[in-house]
Novice: 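Okay, handing you the structure first.
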Amino acid sequence: MRILFAAVLTLALSACGQGQSDKGDAPAAAKAAAPQDYSAEDNAAAVAALAAPLNAADYENGRRVFAQCRSCHVIAAGARHGVGPNLHGVIGAETGAHAEGFAYSPAMRDAGLTWDAATLDRYLERPMALIPGTRMSFIGVRNPDDRRDVIAYIAVESQR
């Protein structure tokens with residue numbers, strides 16, 4: 001059973017690497033892109049400045065939910081891509097185009113969508129349902145409040 005688990009884990013991790021660019025590995029990128037510490041008041045004010053419904057989000061919950069994403073993504077200006085693209089500046093960008101130098105899947109490049117809050121919400125709920133053929137092997141975030149919170153977290157961190 002342990003051998004089977006190890007084999008499945010190895011396959012899953014290697015599948016994540018399909019979208020990796022030549023810009024480096026995820027652990028190095030994550031270390032280089034550690035977010036700066038802001039006060040709880042700064043974070044609350046940044047969330048409150050977002051458009052509804054994101055302005056009702058819980059920043060700290062969004063940060064916790066984003067922990068699921070950190071193995072593949074970072075959100076920091078100028079940070080290297082990991083297994084997935086750097087998400088800094090993703091909101092308002094076209095699918096498959098915002099992260100220069102990242103090797104997007106054809107499905108992502110051809111999706112023809114804009115990453116706004118509504119599209120991100122649908123994508124994070126079930127990525128492969130919105131963009132069949134995406135290389136993102138994440139099953140999704142089922143709780144709508146968690147999706148709202150993580151989208152707000154990404155929006156706030158993308159402005160820093």
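All residue numbers in this chain count up from 1 along the given sequence.
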Novice: Not counting sequence neighbours, which residues clear side-chain hydrogen bond (donor to acceptor under 3.5 Å, both in side chains) with Asp145? List them please.
Specialist: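 Not a single residue meets the side-chain hydrogen bond (donor to acceptor under 3.5 Å, both in side chains) criterion with Asp145.
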Novice: Tell me every residue that passes side chain to side chain contact (heavy atoms under 4.5 Å, CB included) with Glu94, counting only those two or more places apart in sequence or in another chain.
Specialist: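 In terms of side chain to side chain contact (heavy atoms under 4.5 Å, CB included), with neighbours along the sequence ignored, Glu94 is linked to Ala97, Thr114.
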Novice: Partners of Ser105 by side-chain hydrogen bond (donor to acceptor under 3.5 Å, both in side chains), sequence neighbours excluded?
Specialist: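 side-chain hydrogen bond (donor to acceptor under 3.5 Å, both in side chains) list for Ser105, sorted by chain: empty.
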Novice: Evaluate the side-chain contact (heavy atoms from CB on, under 4.5 Å) criterion for residues Ile131 and Leu113: first the C-alpha distance (whole Å), next the side-chain angles of each, then the deciding distance (0.1 Å), finally the verdict.
Specialist: CA-CA 10 Å; Ile131 303 178; Leu113 300 171; 4.2 Å; yes
Novice: Hey, does Pro127 have a side-chain heavy atom less than 4.5 Å from the side chain of Arg135?
Specialist: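 In short, these two side chains do not touch, never coming nearer than 4.5 Å.
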Novice: So which pairs with a foot in residues 44-60 pass salt bridge (charged side-chain N to carboxylate O under 4.0 Å, His left out), sequence neighbours left out?
Specialist: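 Listed by first then second residue: Glu60-Arg63.
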Novice: Quick one: ring-ring contact (aromatic ring centres under 6.0 Å, His included) pairs with a partner in residues 119-141, sequence neighbours left out?
Specialist: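 Qualifying pairs: Trp115-Tyr123.
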Novice: Going hydrophobic residue to hydrophobic residue with side-chain gaps under 4.5 angstrom, can you get from Leu130 over to Ile154?
Specialist: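 Yes: a chain of side-chain contacts under 4.5 Å links Leu130 to Ile154.
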Novice: Do Asn61 and Val65 come within less than 4.5 Å of each other through their side chains, counting heavy atoms only?
Specialist: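 Yes, close enough: below the 4.5 Å cut-off.
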Novice: Which residues satisfy the side-chain hydrogen bond (donor to acceptor under 3.5 Å, both in side chains) test with Asn55, sequence neighbours excluded?
Specialist: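 None.
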Novice: Could you grab the distance from atom CG of Leu54 to atom CG of Asp149, nearest 0.5 Å is fine?
Specialist: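 Between Leu54 CG and Asp149 CG, I get 9.0 Å after rounding to 0.5 Å.
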Novice: For a quick test of reading the model, state the closest non-hydrogen atom pair linking Tyr153 to Arg70 and the distance between them.
Specialist: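 Closest heavy-atom pair between Tyr153 and Arg70: OH-NH2, 2.9 Å.
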Novice: To the closest 0.5 Å, what do you measure between SG (Cys69) and CE (Met136)?
Specialist: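 Nearest 0.5 Å value for the SG-CE distance: 6.5 Å.
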Novice: Using the side-chain hydrogen bond (donor to acceptor under 3.5 Å, both in side chains) rule, take Glu157 and Tyr38 through it: C-alpha gap first, then chi angles, then the decisive distance, then the call.
Specialist: CA-CA 10 Å; Glu157 291 303 313; Tyr38 289 86; over 6 Å; no
Novice: What pair of heavy atoms forms the shortest contact from Leu50 to Ala155, and how long is it?
Specialist: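 Heavy-atom minimum between the residues: CD2-CB, 4.0 Å.
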Novice: Quick one: does Tyr104's side chain have a donor or acceptor within less than 3.5 Å of a partner on Ala99's backbone?
Specialist: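 Answer holds: yes.
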Novice: My understanding is that only residues two or more places apart in sequence, or in another chain, count here; which of them pass salt bridge (Lys or Arg N to Asp or Glu O under 4.0 Å) with Asp110?
Specialist: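 Testing Asp110 for salt bridge (Lys or Arg N to Asp or Glu O under 4.0 Å), a comparison that skips the adjacent residues, returns none.
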Novice: Distance check, rounded to the nearest 0.5 Å: Leu124 atom CG versus Gln68 atom CD?
Specialist: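 If we round to the nearest 0.5 Å, Leu124:CG and Gln68:CD are 9.5 Å apart.
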Novice: Quick check for you: to the nearest 0.5 Å, what is the distance between Asp121 atom CG and Ile151 atom CD1?
Specialist: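 Asp121 CG to Ile151 CD1: 5.0 Å, rounded to 0.5 Å.
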Novice: Any heavy-atom pair between the side chains of Arg142 and Arg126 that's under 4.5 Å?
Specialist: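 The answer is yes; the side chains approach within 4.5 Å.
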Novice: Taking only residues two or more places apart in sequence or in another chain, which ones pass salt bridge (Lys or Arg N to Asp or Glu O under 4.0 Å) with Asp146?
Specialist: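 Here no residue qualifies.
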Novice: Measuring from Glu125:CD to Ile139:CD1, what's the distance to the nearest 0.5 Å?
Specialist: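 Reported value, rounded in 0.5 Å steps: 12.0 Å.
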Novice: To the nearest 0.5 Å, what is the distance between NE2 on His81 and CD on Glu100?
Specialist: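 So the NE2 of His81 and the CD of Glu100 are separated by 8.0 Å.
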Novice: Output side-chain donor-acceptor pairs under 3.5 Å for residues 84-93, partner residues at least two apart or in another chain, one line each.
Specialist:
unit_1, atom_1, unit_2, atom_2, d
Asn86, OD1, Ala76, N, 3.4
Asn86, OD1, His88, N, 2.8
Asn86, ND2, Ala76, O, 2.6
Asn86, ND2, Ala79, O, 3.1
His88, NE2, Ser158, O, 2.8
His88, NE2, Arg160, O, 3.2

